[in-house]
Amino acid sequence: MYNRNRRGGLGVMLLAGQMMNVGVHRIPPVTLALIAAQTAIFLNFVPQYFPSATAVCMSTYLVYYHKQWKRLILGTFFHADDMHLYFNMSSLLMKGLTLEKRFGSVYFAYLVAVFTGLTSLTYVGLNMFLENAMEDHTYSTSCAVGFSGVLFALKVLTTHYTPPGLHYALGIIPVPSRFIYWAELVLIQMVTPNASFTGHLAGIVVGLLYIKGPLKTIMDGFVPPGPSYTYTARSSGYRSAGYTTGRSWSSPRQQYGQPSYPDHSAYTGGMSEEEQYARAREESLRQQQTAGQSNRLYPDLDELRSRRSEHYNQYR
């Protein structure tokens with residue numbers, strides 16, 4: 001979420017280049033549709049609904065006190081400038097590659113829709129609380145636009161479904177995975193003071209309600225998630241491109257730097273997340289040990305002694 005004026009189109013070209021580098025045909029359909037729709041909004045293809053930032057931005061004052069509820073949705077899909085669009089859509093691209101393939105397109109669309117509404121409502125509620133607690137009316141009148149609140153909620157999910165390890169906040173600062181979204185919340189505010197702190201915090205709150213609170217159970221009661229697939233790759237360093245972008249998994253069949261995809265041949269068979277991760281780690285360790293043995297030039301001497309002892313003992 002940002003509070004800035006729109007500028008030129010370099011960000012749109014960078015986004016197009018990144019999508020072509022990944023391969024448009026490899027981008028899941030809901031993720032692709034969300035990127036296309038928000039790009040079209042930025043390029044002013046639907047001016048009747050998104051005439052300007054001031055006409056759609058969200059604030060506690062306008063939404064709660066003046067009952068302009070449509071801003072909860074319209075403000076989320078409007079971006080202040082081309083680089084704001086680029087960073088958010090790059091982040092959405094990487095998260096969609098992970099989450100949409102994990103949950104299925106129907107559930108991912110449902111997830112984004114619910115997160116969009118809840119993040120906006122949480123943003124309004126947080127600002128109302130801070131206005132009263134700090135006795136500062138700027139929280140109520142602060143007006144924000146952008147998709148990054150939803151992206152922070154999705155960030156919590158991608159981190160949760162990633163084996164523990166080091167992630168890289170803003171692509172440069174190593175942070176334990178469980179702290180990555182908190183680190184980026186602070187770092188983004190330091191790098192870009194105009195960013196909406198409460199908007200990003202609202203996304204984290206919604207994401208945590210999903211993985212640790214009742215939200216997932218409630219949502220799954222209406223629309224169950226699609227089939228879940230496990231990953232056979234070992235955990236690796238996680239780099240966040242842009243603000244909240246990143247890949248959560250890497251496959252041994254992929255070259256360095258390519259986007260990751262789930263291994264659909266390894267169906268979970270109803271295993272829990274913990275069981276999936278344990279099996280993936282065991283399989284990775286077994287493959288590493290097998291590869292290490294097959295790559296030795298000479299046999300292991302302890303192994304030879306053991307086999308020789310077994311050979312002689314069986315004839316005693």
Side-chain angles (χ1 to χ4, degrees), residues 1-9 11-12 14-16 18-19 27-60 62-64 67-96 99-100 105-124 126-127 142-155 157 188 192 194-196 198-204 206-207 242-245:
M1 296 188 177
Y2 276 70
N3 311 63
R4 300 192 297 185
N5 295 322
R6 297 159 73 86
R7 294 202 297 259
V12 176
L14 290 173
L15 176 60
Q18 184 166 346
M19 292 174 66
I27 302 174
V30 174
T31 302
L32 182 61
L34 285 168
I35 294 172
Q38 293 182 67
T39 303
I41 291 169
F42 174 78
L43 294 175
N44 207 29
F45 285 178
V46 281
Q48 64 273 30
Y49 298 108
F50 301 88
S52 66
T54 56
V56 299
C57 67
M58 288 181 287
S59 73
T60 300
L62 292 171
V63 172
Y64 182 76
K67 313 301 180 186
Q68 298 183 23
W69 303 109
K70 65 180 182 180
R71 290 176 181 265
L72 294 172
I73 305 301
L74 297 182
T76 302
F77 295 102
F78 188 94
H79 288 84
D81 59 49
D82 61 317
M83 296 310 295
H84 186 200
L85 176 77
Y86 167 66
F87 286 125
N88 277 356
M89 293 304 99
S90 296
S91 178
L92 174 60
L93 173 60
M94 293 300 120
K95 290 172 176 61
L99 294 177
E100 185 170 347
S105 294
V106 173
Y107 191 86
F108 182 70
Y110 172 54
L111 189 74
V112 171
V114 173
F115 278 14
T116 297
L118 286 182
T119 299
S120 297
L121 286 171
T122 304
Y123 166 74
V124 171
L126 282 174
N127 278 341
S142 176
C143 210
V145 295
F147 201 67
S148 49
V150 178
L151 292 173
F152 262 91
L154 297 178
K155 175 85 171 187
L157 267 64
I188 290 174
T192 314
N194 269 352
S196 175
T198 50
H200 296 168
L201 179 60
I204 293 177
V206 172
Y243 295 120
T244 57
T245 308

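Since the model is a prediction, treat every value here as computed from it, not as a measurement. We count residues from 1, following the sequence as given.
Put simply, the side chain of L92 does not reach to within 4.5 Å of the side chain of V112, judged on heavy atoms. Side-chain contact check for M83 versus L14: some heavy-atom pair is nearer than 4.5 Å. Residues Y86 and V12 are not in side-chain contact: their nearest non-hydrogen atoms beyond the backbone lie 4.5 Å or more apart.
Between L74 and Y49, the shortest heavy-atom distance links the atoms CD1-O, 3.8 Å. Between R71 and C57, the closest heavy-atom pair is NH1-O, 2.8 Å. Nearest heavy-atom pair, G96 versus T31, reported as atom, atom and distance to 0.1 Å: CA-OG1, 3.2 Å. When all heavy atoms of N88 and H79 are compared, the closest pair comes out as ND2-NE2, 3.1 Å. A pairwise comparison of heavy atoms in C143 and L62 identifies SG-CD1, 4.1 Å as the closest pair. Nearest heavy atoms, P51 versus V56: CD-CG1, 4.4 Å.
Checking each of T119, L126, V124 against T122 for a side chain to side chain contact (heavy atoms under 4.5 Å, CB included) leaves exactly one that passes, namely L126.
Interatomic distance, S196 OG to I188 CD1, rounded to the nearest 0.5 Å: 11.0 Å. Atoms CG and CG, on L34 and L93 in that order, are 11.5 Å from each other to the nearest 0.5 Å. Annotation: the span from L99 atom CG to S105 atom OG amounts to 12.0 Å, rounded to 0.5 Å. Taken to the nearest 0.5 Å, the CZ atom of F87 stands 13.0 Å off from the CG atom of L151.
Ring planes of H200 and F152: parallel class, angle under 30° (limits at 30 and 60°). Ring geometry for F50 versus F78: interplanar angle under 30°, hence parallel rather than tilted (30 to 60°).
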Does T116 form a side chain to side chain donor-acceptor pair (under 3.5 Å) with T76? I'd like the steps, not just the answer.
CA-CA 7 Å; T116 297; T76 302; 5.7 Å; no
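The backbone N or O of M89 lies less than 3.5 Å from no partner atom in the side chain of Q38, so there is not a single donor-acceptor pair.
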